[in-house]
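For reference, the structure is listed below as structure tokens.
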Amino acid sequence: MSTGVIIALIVIVAVVVAVLAALTVRARGAHGGGGLKRRFGPEYDRAVARHDGDVQAAERELAALVERHGGLRERPLEPAERERYEARWTATQEHFVDSPREAVAEADRLVAELAGARGFPDGGQYEEQVAALSVHHARHVQGYRTVHRLVGANGKAGGSSDGAAPGTEELRAALLEARALFEDLLAPARGELTAKKTETTTTTTARREDHGRHLPRAFQRHQPKEG
């Protein structure tokens with residue numbers, strides 16, 4: 001074998017090793033600190049706080065969640081199905097004016113039902129459902145936790161973080177926070193056609209704007225600013 005051939009083989013092997021190393025680093029990055037922080041956003045910070053600042057322990061927990069639930073594909077909603085959920089949420093917000101606690105309990109059940117309809121674990125498996133939602137809807141899952149905590153074991157809102165009965169303002173804030181996840185779950189699935197996404201998003205946006213104009217007065221004062 002000539003020297004030139006040997007040198008060529010060495011170069012080829014070196015290139016292959018370099019490519020494999022780059023792919024390994026890339027794969028680690030997707031599940032490592034930077035990738036996890038980008039994917040989980042506020043959930044990343046909450047995980048670190050749960051582990052008393054131990055970043056490595058928090059990242060192991062989040063990486064395990066991605067491993068367990070990252071492959072989940074959300075089931076698309078039919079237009080009529082989406083409209084029914086929207087109507088039920090509107091009714092829930094209107095119910096808040098007269099019965100804030102019951103409305104928050106309804107919101108808790110409705111988010112759980114919608115998540116199940118989208119293909120997440122059933123609401124009866126709350127911890128698993130929230131874990132899966134934290135992987136795919138990390139920006140808004142905390143709102144679901146909040147209403148569920150306020151509802152508690154009795155199925156009716158009645159316990160705040162300090163053990164006291166939640167006031168109307170706390171219940172209102174929780175309902176608005178949960179609405180962000182609800183609207184996120186109503187959005188088109190990633191696998192749907194682009195044209196359908198555009199059409200649905202435009203329709204949903206128009207409905208939200210119209211819905212905002214017709215919110216009960218109790219909510220209008222506390223609407224978060226867009227942007």
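Throughout, numbering of the chain's residues begins at 1 and tracks the sequence.
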Hey, what's the ring geometry for F182 with Y85, parallel, tilted or perpendicular (30° and 60° as the breaks)?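 If you compare the ring of F182 with that of Y85, the planes turn out perpendicular.
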
So which atom in [X] and which in [Y] form the shortest heavy-atom distance, rounded to 0.1 Å?
X: L72; Y: P121; answer: CD1-CD, 4.4 Å
X: E61; Y: H51; answer: OE1-NE2, 2.6 Å
X: A180; Y: H140; answer: CB-ND1, 3.5 Å

[Y] and [X], any side-chain heavy atoms less than 4.5 Å apart:
X: V111; Y: V147; answer: no
X: L181; Y: L133; answer: yes
X: Q125; Y: D122; answer: yes

Looking at R172 and E169, is any side-chain nitrogen of the basic one under 4.0 Å from a carboxylate oxygen of the acidic one?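 Yes.
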
Presence of salt bridge, R82 and E86, under 4.0 angstrom: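 No.
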
Could you give the distance from OH (Y144) to CG (L185), rounded to the nearest 0.5 Å?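 Between Y144 OH and L185 CG, I get 10.0 Å after rounding to 0.5 Å.
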
Side-chain donor/acceptor of R50 to backbone N/O of A58, under 3.5 Å: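 Between the backbone of A58 and the side chain of R50 there is no qualifying donor-acceptor contact (under 3.5 Å).
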
Walk me through whether R88 and E106 qualify under salt bridge (Lys or Arg N to Asp or Glu O under 4.0 Å). CA-CA 9 Å; R88 289 173 61 188; E106 289 169 8; over 6 Å; no

Quiz question: by atom type and distance under 3.5 Å, do the side chains of H136 and E74 form a donor-acceptor pair?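 There is no such pair between these side chains.
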
